[in-house]
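Numbers restart at 1 for each chain; the letters A, B, ... are given by sequence-line order, proteins then strands. These numbers were taken from a predicted model, which means no experiment stands behind them.
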2 protein chains.
Amino acid sequence: MKVTALEEYGLRCMLRLARSSGHGSVTLPEFASGEGVSIPYAGKLLTILKKARLVKAARGRHGGYELTRLAGQISLKEILDSLGNPVFSSSHCAKYSGENEICVHTDNCTIRSVWRGFEGFIGDVLEKVSLADLAEGKMEIFHELKVEKKTNAR
Amino acid sequence: MKVTALEEYGLRCMLRLARSSGHGSVTLPEFASGEGVSIPYAGKLLTILKKARLVKAARGRHGGYELTRLAGQISLKEILDSLGNPVFSSSHCAKYSGENEICVHTDNCTIRSVWRGFEGFIGDVLEKVSLADLAEGKMEIFHELKVEKKTNAR
DNA sequence: CGAATACTATACACAAAAGTAAAGATTTAT
DNA sequence: ATAAATCTTTACTTTTGTGTATAGTATTCG
């Protein structure tokens, strides 16, 4: 389970925008030098975020990017979903069907339930963390989330 | 955030072993035909699991693979950790440092805290789910885990 | 022993993701 | 208008991950 490069750099750009909120927009050269990537690559990242309607762009002399909403109203889930694949997508079984036409586990597909249940759980967590929480370095947020198993393992 | 092929097929093999537990060992040809992959690829998967000491192998006529422990004593976290990269590894910052020598966020590295906190949280969850839970299709396990935010978003 | 069965290891072909290059389109200031 | 600054798009190269092919080693059975 890997964090993709798009998720990594994309989230960084969102954090940068959250911090600059109120101090004008951020340009691609600023993203690029700030994160140590090329300008076209920064452009690719911001284009993705723009298509997800998380940021808006302005061209020309005083152009640049801004958040479309307040950082407190953008969840970590929205950001990651726009940048990468969800843990379990509808195409999952088709992708990992091996050399068979359809998934060999069509009936009683335990593995599918695993990923689906897991993704739902992760989604619940990521939805409860906002970009503002992250920008302010409030990482205790994860520790404040409680995980408890009601039933005992056998 | 993507589930890798190794994680997908590797977990499937572990599930198969959990179900065959007590009914003798499982051979590579059995894994291969059961999951729709080639025999050498099944071998690659089981070799990884073997190096992680999750399974043991026997050669020769009546050879095959078995779990080294009871399915109830193997956590989902152990399995996924052995097959793929953790969400946040120690090499993370070195990997995503862009064209700079070191991570541009050495001081006040918010992004690092995000992934670290997130990984810790996921780890807590995956640790509480055992291979036996999965093999028995007890997927309610994820729904039985509670997620609550103590503080309010601003 | 020798043949069959099964695991093991190395090297290779293919596909997807990461990141770059180059040319184009839009806005603003002069 | 023109030039400078900025976003946008397409195509390309490099790297990484996926899966296969091939040859080798160990064990059992007749």
Side-chain angles (χ1 to χ4, degrees), chain A residues 1-13 17 24-52 54-66 68 83-85 89 91-92 94-100, chain B residues 1-10 12-13 17 20 24-52 54-66 68 83-85 89 91-92 94-100:
Chain A
M1 231 175 53
K2 223 179 99 183
V3 175
T4 66
L6 257 51
E7 287 170 326
E8 169 79 18
Y9 289 119
L11 180 51
R12 284 193 201 172
C13 291
L17 281 170
S25 56
V26 182
T27 67
L28 286 181
E30 284 168 344
F31 283 114
S33 75
E35 303 300 342
V37 298
S38 69
I39 293 176
Y41 188 56
K44 182 186 275 191
L45 292 168
L46 272 296
T47 298
I48 293 172
L49 293 169
K50 188 192 167 195
K51 280 177 183 161
L54 292 173
V55 306
K56 56 187 171 190
R59 292 188 178 186
R61 193 70 188 272
H62 299 308
Y65 293 89
E66 283 179 47
T68 52
L83 291 163
N85 322 71
S89 64
S91 63
H92 185 91
K95 186 173 179 187
Y96 294 116
S97 59
E99 59 190 10
N100 300 320
Chain B
M1 230 175 49
K2 224 179 98 182
V3 175
T4 66
L6 257 51
E7 288 169 327
E8 169 78 18
Y9 288 120
R12 285 193 200 172
C13 290
L17 282 169
S20 317
S25 56
V26 182
T27 67
L28 287 181
E30 284 168 345
F31 282 115
S33 75
E35 304 300 342
V37 298
S38 69
I39 294 176
Y41 188 57
K44 182 186 275 190
L45 291 168
L46 272 297
T47 299
I48 293 172
L49 294 169
K50 187 190 166 195
K51 280 177 183 161
L54 291 173
V55 305
K56 56 187 170 187
R59 291 190 177 187
R61 193 69 188 271
H62 299 309
Y65 292 88
E66 284 179 48
T68 53
L83 291 164
N85 323 71
S89 64
S91 63
H92 185 89
K95 185 172 180 188
Y96 294 117
S97 58
E99 58 190 11
N100 301 319

What is the separation between atom CZ on Phe31(A) and atom P on dC7(D), rounded to the nearest whole Å? 8 Å
Looking across every strand, which nucleic acid part, if any, lies under 4.0 Å from Lys50(B) by heavy atom: base, sugar-phosphate, or nothing? sugar-phosphate
d(Thr68(B) OG1, Leu49(B) CG) to nearest 0.5 Å is 10.0 Å
Going by the rule side chain to side chain contact (heavy atoms under 4.5 Å, CB included), which residues pair with Pro29(A) if we only count those two or more places apart in sequence or in a different chain? Thr27(A), Ile39(A)
Overall bend - the helix from dC1(C)-dG30(D) to dT30(C)-dA1(D), comparing terminal axes fitted on five pairs, nearest 10 degrees: 0°
In chain order, what residues pass the side chain to side chain contact (heavy atoms under 4.5 Å, CB included) check against Ile48(B), with sequence neighbours excluded? Leu6(B), Leu83(B)
Quick tally for nucleotides 25-30 of chain C: nucleotides whose base has a protein heavy atom under 4.0 Å get B, sugar-phosphate-only ones S, the rest -, giving BBBSS-
Starting at CG of Leu45(A) and ending at C1' of dT6(D), how long is that distance when rounded to a whole Å? 17 Å
Assign Lys44(B) to base, sugar-phosphate, or nothing according to its heavy-atom contacts below 4.0 angstrom with the strands shown. base
With a cut-off of less than 4.0 Å, is there a side-chain N or O of Ser38(A) near OP1 or OP2 of dG19(C)? no
Can you measure Ile39(A) atom CD1 to dA22(C) atom P for me and round it to whole angstrom units? 14 Å
Testing dC7(D), dT16(D), dT18(D) for proximity to the side chain of Lys2(A), the answer is dT16(D)
If I compare all heavy atoms of Val26(B) with all of Ser20(B), which pair ends up nearest, and what's the gap? CG2-OG, 3.6 Å
Please name the pair of heavy atoms, one in Leu17(B) and one in Tyr65(B), separated by the smallest distance, quoted to 0.1 Å. CD2-O, 3.4 Å
Could you check how far CG of Leu83(B) sits from P of dG17(D), rounded to whole Å? 14 Å
dT8(C) C1' sits how many Å from Ile48(B) CD1, rounded? 13 Å
5'-most contact on DNA chain D: Gly63(A) or Thr47(A), nearest heavy atom basis? Gly63(A)
Rounded distance [0.5 Å steps], NZ in Lys2(A) versus CD in Glu7(A): 10.5 Å
If you pin Pro40(A) and Thr27(B) to their nearest nucleotides in DNA chain C, which one's is more 5'? Thr27(B)
Test side chain to side chain contact (heavy atoms under 4.5 Å, CB included) applied to Ser25(B) - qualifying residues, sequence neighbours left out: Glu66(B)
Rounding to a whole Å, what distance do you find between Lys56(B):NZ and dT8(C):P? 14 Å
Can you sort out the partners of Ala52(A) under side chain to side chain contact (heavy atoms under 4.5 Å, CB included), two or more places apart, ordered by chain and number? Leu54(A), Ser82(A)
Heavy-atom closest pair, residues Leu46(A) and Cys13(A): CD2-SG, 3.9 Å
Taking CD from Glu7(B) and C1' from dG17(D), how many angstroms apart are they, rounded to a whole number? 12 Å
Distance check needed: dA6(C) P versus Tyr65(B) OH, whole Å only. 12 Å
